[in-house]
Peer 1: 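Take a look at the following structure, please.
So that the names make sense, note that chain A is the first sequence line, chain B the second, and so on, each numbered from 1.
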Amino acid sequence: MNIFRLAGDMTHLASVLVLLLKIHTIKSCAGVSLKTQELYAIVFTTRYLDIFTDFISLYNTFMKLIFLGSSYSIVWYIRRHKIVRRSYDKNQDTFRHVFLILPCIVLALLINEKLTFKEVLWAFSLYLEAVAILPQLVLLQRTKNIDNLTGQYVFLLGVYRALYIVNWIYRYFTETHFVHWITWISGLVQTLLYADFFYYYFQSWKTNQKLQLPA
Amino acid sequence: KDSKPAKDEL
C-alpha cells in the first residue's frame with residue numbers, strides 16, 4: 001500500500017468520525033443529508049459483500065467493517081435517535097434516491113468487468129458512490145449557515161477522493177496489470193463533483209468568512 | 001500470471 005492510498009483512507013476515516021462525533025456530541029444532524037448517508041450505506045453494503053468471499057488483509061477487513069458500521073450508525077442516529085432525529089429537516093433534504101439508484105443499476109448491468117452477481121454489484125457500488133454526495137451538496141446549497149463540522153466533513157471526503165486519484169496514478173506506474181477503468185472513471189467523476197464545493201470552501205477560508213454556497 | 005487486477009481498495 002502506498003502513502004497516497006493510506007492518506008486517502010485516513011481522510012475518509014476522519015470524515016466519517018467527524019460526522020459521527022458531531023452527531024453524537026451535539027445531538028444534532030442539522031445540515032446532514034440522510035439521503036447521502038443512506039446511499040453510502042447501500043454503497044458499502046454492496047461493495048463489501050466480499051468480506052465473506054475474499055480475504056485481502058486484516059487492515060482491509062477492519063476498515064470495511066468500520067465504514068459499514070459508521071454509515072449504519074449515522075443512518076440510525078438520524079432516523080431513530082430520539083433527540084437527533086428532531087434536528088433532521090426533511091423538507092430541505094428532498095433529493096430522491098431512486099433517480100440515482102436506478103441509473104446506477106442500469107449502468108452496472110451494461111458496464112461491468114464480468115456479468116456475474118458479485119461483479120455487477122461491485123460496479124453498481126462504484127457508480128452509486130460517485131453520485132452519492134449529490135443530495136448532501138444540494139442540501140449545503142440550501143442551508144444558509146453551514147456549520148464548520150458539516151463543511152469539514154464534505155471537505156475531508158473531497159480530499160479522500162483526490163488522494164485516491166493520486167494513488168491510482170502512482171499504482172499505474174509502479175505496478176503491472178493494475179488497470180481498473182470502472183474505478184478510475186467513476187472515481188474521477190466523483191472527485192469533479194467536489195470541485196465547485198472546494199472553490200467556495202477555499203474562498204471562505206481565505207477571506208475568513210462563513211462558508212456559504214451560492215444558490 | 002494473474003492479469004486481473006486485485007480489488008484491494010476500499
Side-chain angles (χ1 to χ4, degrees), chain A residues 1-2 4-6 8-13 16 40 43-44 47-51 53-57 59-68 70-71 112-114 118-119 121-123 125-126 129 160-161 163-165 167-168 170-172 175-184 186-187, chain B:
Chain A
M1 184 161 57
N2 63 66
F4 308 110
R5 155 81 196 280
L6 182 66
D9 284 351
M10 290 306 119
T11 22
H12 190 188
L13 188 64
V16 172
Y40 278 134
V43 165
F44 295 138
R47 187 172 320 152
Y48 297 162
L49 280 180
D50 68 353
I51 43 179
T53 54
D54 305 275
F55 178 76
I56 293 145
S57 64
Y59 170 83
N60 216 278
T61 306
F62 181 71
M63 293 295 272
K64 283 173 177 171
L65 292 174
I66 297 253
F67 289 131
L68 277 168
S70 57
S71 62
N112 48 59
E113 288 191 351
K114 212 172 165 192
K118 214 176 105 185
E119 289 296 325
L121 276 187
W122 180 77
S125 80
L126 287 164
E129 187 187 357
Y160 143 62
R161 295 316 309 179
L163 284 164
Y164 253 65
I165 290 184
N167 150 60
W168 294 329
Y170 181 84
R171 291 188 77 169
Y172 181 79
E175 289 173 38
T176 42
H177 309 299
F178 188 74
V179 180
H180 269 308
W181 289 114
I182 293 177
T183 318
W184 295 353
S186 50
Chain B
K1 202 153 70 179
D2 182 22
S3 60
K4 199 165 170 264
K7 292 184 173 118
D8 58 356
E9 290 180 347
L10 294 164

Peer 1: Are any side-chain N or O atoms of B:Asp8 and backbone N or O atoms of A:Ile56, one a donor and one an acceptor, separated by less than 3.5 Å?
Peer 2: no

Peer 1: Going by ring pair (Phe, Tyr, Trp, His ring centres under 6.0 Å), name the residues that satisfy it together with A:Tyr48, two or more places apart in sequence or in a different chain.
Peer 2: A:Phe44

Peer 1: For atom OH of A:Tyr172, decide whether the heavy atoms of other residues, nucleotides or ligands shown that lie under 6.0 angstrom number more than 12.
Peer 2: no

Peer 1: Give, for atom CZ of A:Arg47 and atom CG of B:Leu10, the distance between the pair rounded to the nearest 0.5 Å.
Peer 2: 8.5 Å

Peer 1: Going from NE2 on A:His180 to NZ on B:Lys7, what distance comes out if it is rounded to the nearest 0.5 angstrom?
Peer 2: 6.0 Å

Peer 1: Would you find more than 12 non-hydrogen atoms of other residues, nucleotides or ligands less than 6.0 Å from A:Phe55 atom CZ?
Peer 2: yes

Peer 1: Counting only non-hydrogen atoms closer than 4.5 Å, does A:Asp54 touch chain B with its backbone (N, CA, C, O), its side chain (CB onward), both, or neither?
Peer 2: neither

Peer 1: Check each atom of A:Asn60 against the heavy atoms of chain B and say whether the ones under 4.5 Å are side chain, backbone, both or neither.
Peer 2: both

